[in-house]
Amino acid sequence: MIENFQNLPVINRMILNKVQREAVEYCNGPQLVFAGAGTGKTRVLTAKIAFLIEKGINPWQILAATFTNKSAGEMRQRVENLVNVSVDGLWIGTFHSLCARILRRECLNIDYTPSFTIYDRSDQISLLKKVLKNLEIDDRSMPPKQIHNAISKYKNLCLLPEDLQNSVKGYYEQEVLRVYKSYQEMLHKQQAMDFDDLLMQTVLIFRKNENVLLKYRNMFKYVLVDEYQDTNYTQFLFLKMLVGNNNKIFVVGDDDQSIYGWRGAQIENILSFERQYPDTKVFKLEQNYRSTKHILDFANAAIMDNKIRASKKLWTDRTSGEKVILTRYRDNRQEAESIAKKICSINDTKTMLGEIAILFRTNAQSRSFEEAFRKHRIPYVLVGGTGFYERAEVKDCIAYLRLIINPCDDESFGRIMNVPARGLGDKARDTLIQSSRKLNCSMLEALMRSDISALGSRYQKGFSDLKSLFEILIEMEKSGESPDEILKQLLHFSGYMDMLTSLNTEEASARIENINELINALTIWSSEGQNRKLSSFLEEISLVSDVDCWEKKENSVNLMTLHCAKGLEFKHIFLVGLEDGIIPSRQNFDDDSAIEEERRLFYVGLTRAMENLECSYVDYRWRFGDLLPSTQSRFLNTIPSELYNYIDSSIFIENGSNGFKPRFETETREKPQKKRKVFNDPGFDDFSQDTIEFRMGQHVKHKTYGRGRILSISGFGDDMKLTVLFNNGSRKKLMAKFANFESV
DNA sequence: GGCGTAAGACTTTTT
DNA sequence: GTCTTACGCC
């Protein structure tokens, strides 16, 4: 029986409704699938790929663009389970990783080495600062971040400096253009590409060299795109060129969930798809399998006010479920505190913590929830924030590794030249830059080629140490040494580890921990397949997104921004901070289309919920240390009041009688007893051991600094840091795990 | 040239 | 309230 089932065609093995099935089976031309939230979009996409493979198309003849690496990996797995053949060859990934893959093979066409470096945002900003300095432009009148935005916009429209020459008007734009031009030259000189280049340069190669384009156009028998509403113009061009007249294109998307306009995405791409690809067949998935009727009615009402949208309405045959709740709180601390308490009681009954998510507009909003959860000992996972690969010590290691692969990367060289300290400061740097200009090469190359004694007697030791370090490292890489071994050796020979160990501070220990974590990651990565090269590792980590790093834990509440939540679903959603100025963001007040995007963001948040949806806003919000008044979001005004239950919790005052305790009141010891019974997950036990001892305002005694009081707590688990005000007047930041307080 | 302190900016969202 | 940058002192 089971064997028979396995032999059935994919289309019969998957549970698909009528429209889904039609969309999978249709193969006569371009297809646009409007897939509303929770309508089984991933299922259709997966089935389609499996269906194509089953029809005889080789996995390597299929290109599928997804929004995150994580969903690409999951989809690959699901397809493999369906088709019983290896799908290793399948081209599935984000636009950025797919383009990087093409570029590694084809970039000689645009005078780039295949080992080019990919610059992340912080690399880009630091390069821009350098450009501004070179051009003697004041970075206060032209903030690097702003210029970065402008350049990114141009690249998302596939516009090079020379394309703009005749069209830019004002002084500011002229200056931006000057920076763009120089920035682009610097990137090329360093054999580096930024995120946007990955897309744009691929298109430029396709334009420049028809043979290359035809190679890929002929190779890919089918092109599939997920989240099509979030593609930008350059991605549109990429697809259009790749598909040509073959018309084998299948896109899935939902205009109501287009939330990346600020990043260059054009909602017009999906709305005008039928014009771009004549004879397109449109499929509309409108049956929602995710949410209860009450949630769906609320979400439908919320999005209705948008003008720019394709007509459609989600429906469900699920039960009504519980009504949506809208709660008003006094301030964001009370909001977090109350939600923490609610979560404790939800957890008592049936819902696991992992099925709960707190969604907010800005990263900064996570803080009050982290504090409340810590206080109530609720384990949580924060998605996003400062990522592992953005930490200074990790970036230092990455800079060394990048240089081994790409010696032209002056950005990375500048970062590590004097880390650890080798007595090579600004003067030494200038000397080396001059030498590199003379030799017309990069800084590292200049160092390797120069006679050290010519670089100034004062820096002789520093330069020669650095030179021999790289001689060793480059030799190791050439001889095929494993990436993790190279990293270990570089940490040893450079003296980086010694630098940290000799510091002997709590912070240094934490940094060593992070570096060990990086070594682990690299070791695991190397062992996962054959011929795993350092360069591939570097590429992978520069293209990971926040959600890629997120692992759903069964017993941890999820905290994330609305943008991160796209594509995910949770039983219980708390959508918080629904205030004018937050959702919609104050910075979008004067732009109607941006307001519509904010409303879509709101809609994305609402439609993540499967069973329970609780929205909330506050009367006062703490910003920059001040308590500022807030009002409810304009998006709530047009939703009929019968669609939700309104609860006003703002009247509660923080005192014992209402259940809201003052923040600094000394806690009694009875609490953990009760909670432990609820949270018996081993993951939580780890968590509670680390946090149980510390509270804000707690009095502590340190063996060197004496008595003091904890001012604030940040991070948790092994990363927890305590800011302590000691009675001798000094203020110290300590790693909780090393603080080693004595009993008071 | 390195290290510490103080003033300033900062919070929209991210591949 | 926190992180980054600039400047001044050793």
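So that the names make sense, note that chain A is the first sequence line, chain B the second, and so on, each numbered from 1. FYI, side chains are in, hydrogens and waters are out, and symmetry mates aren't considered; it's all heavy atoms of this structure. Treat the numbers as computed from the prediction; the structure is a model and nothing was measured.
For the pair R402(A) and D123(A), the salt-bridge criterion is met [side-chain N within less than 4.0 Å of a carboxylate O]. By the 4.0 Å N-to-carboxylate-O rule, K566(A) lies close enough to D230(A) to be salt-bridged with it.
Here the nucleotide nearest the side chain of N363(A), chosen from dT2(C), dT13(B), dG1(B), is dT13(B). In this structure, the nucleotide among dT15(B), dT14(B), dT11(B) sitting nearest to the side chain of C564(A) is dT14(B). Residue S545(A) places its side chain closer to dT15(B) than to any other of dG1(B), dG2(B), dT15(B). Proximity note for R458(A) (side chain, C-beta onward) versus dT13(B), dG1(B), dT2(C): the nearest is dG1(B). Comparing atom distances between the A421(A) side chain and each of dT13(B), dG2(B), dT15(B) picks out dG2(B) as nearest. Distances were taken from every side-chain heavy atom of F624(A) (C-beta onward) to each of dG2(B), dT13(B), dG1(C); the shortest belongs to dG1(C). Of the candidate nucleotides dT11(B), dT2(C), dT15(B), dT2(C) has the atom nearest to the side chain of R367(A). Closest to the D426(A) side chain, of the nucleotides dT13(B), dG1(B), dT15(B), is dG1(B). Between dG2(B), dT15(B), dT11(B), one nucleotide has an atom nearer to the side chain of R623(A) than all others, and that is dT11(B).
No aromatic stack links Y260(A) and the base of dT14(B), using centre distance under 5.5 Å and interplanar angle under 30°.
When the C1' atom is compared between dT11(B) and dA6(C), the two are found 23 Å apart, to the nearest whole Å.
At the heavy-atom level, K155(A) lies nowhere under 4.0 Å from the strands shown. Residue-level contact check: F360(A) touches neither bases nor backbone, having no heavy atom under 4.0 Å from any strand. Counting non-hydrogen atoms under 4.0 angstrom, N418(A) reaches the backbone sugars and phosphates but no base.
One can place NE2 of H563(A) at 16 Å from P of dT11(B), the figure rounded to the nearest angstrom.
R458(A) pairs by the salt bridge (charged side-chain N to carboxylate O under 4.0 Å, His left out) definition with nothing, not counting sequence neighbours.
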Q: Take R621(A) and E579(A), measure what salt bridge (Lys or Arg N to Asp or Glu O under 4.0 Å) needs, and give me the verdict at the end.
A: CA-CA 10 Å; R621(A) 178 167 292 278; E579(A) 297 130 50; 2.7 Å; yes
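Between H148(A) and I125(A) the shortest side-chain heavy-atom distance falls below 4.5 Å.
A sub-4.0 Å separation between OP1 or OP2 of dT14(B) and a side-chain N or O of T561(A) is present.
A ring-centre distance under 6.0 Å is not found for F635(A) and Y617(A).
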Output a table of nitrogen or oxygen pairs between the protein and nucleotides 5-8 of chain C separated by less than 3.5 Å.
unit_1	atom_1	unit_2	atom_2	d
dT5(C)	OP1	K129(A)	NZ	2.9

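Comparing K145(A) and D548(A), the nucleotide of DNA chain B nearest to each residue sits closer to the 5' end for K145(A).
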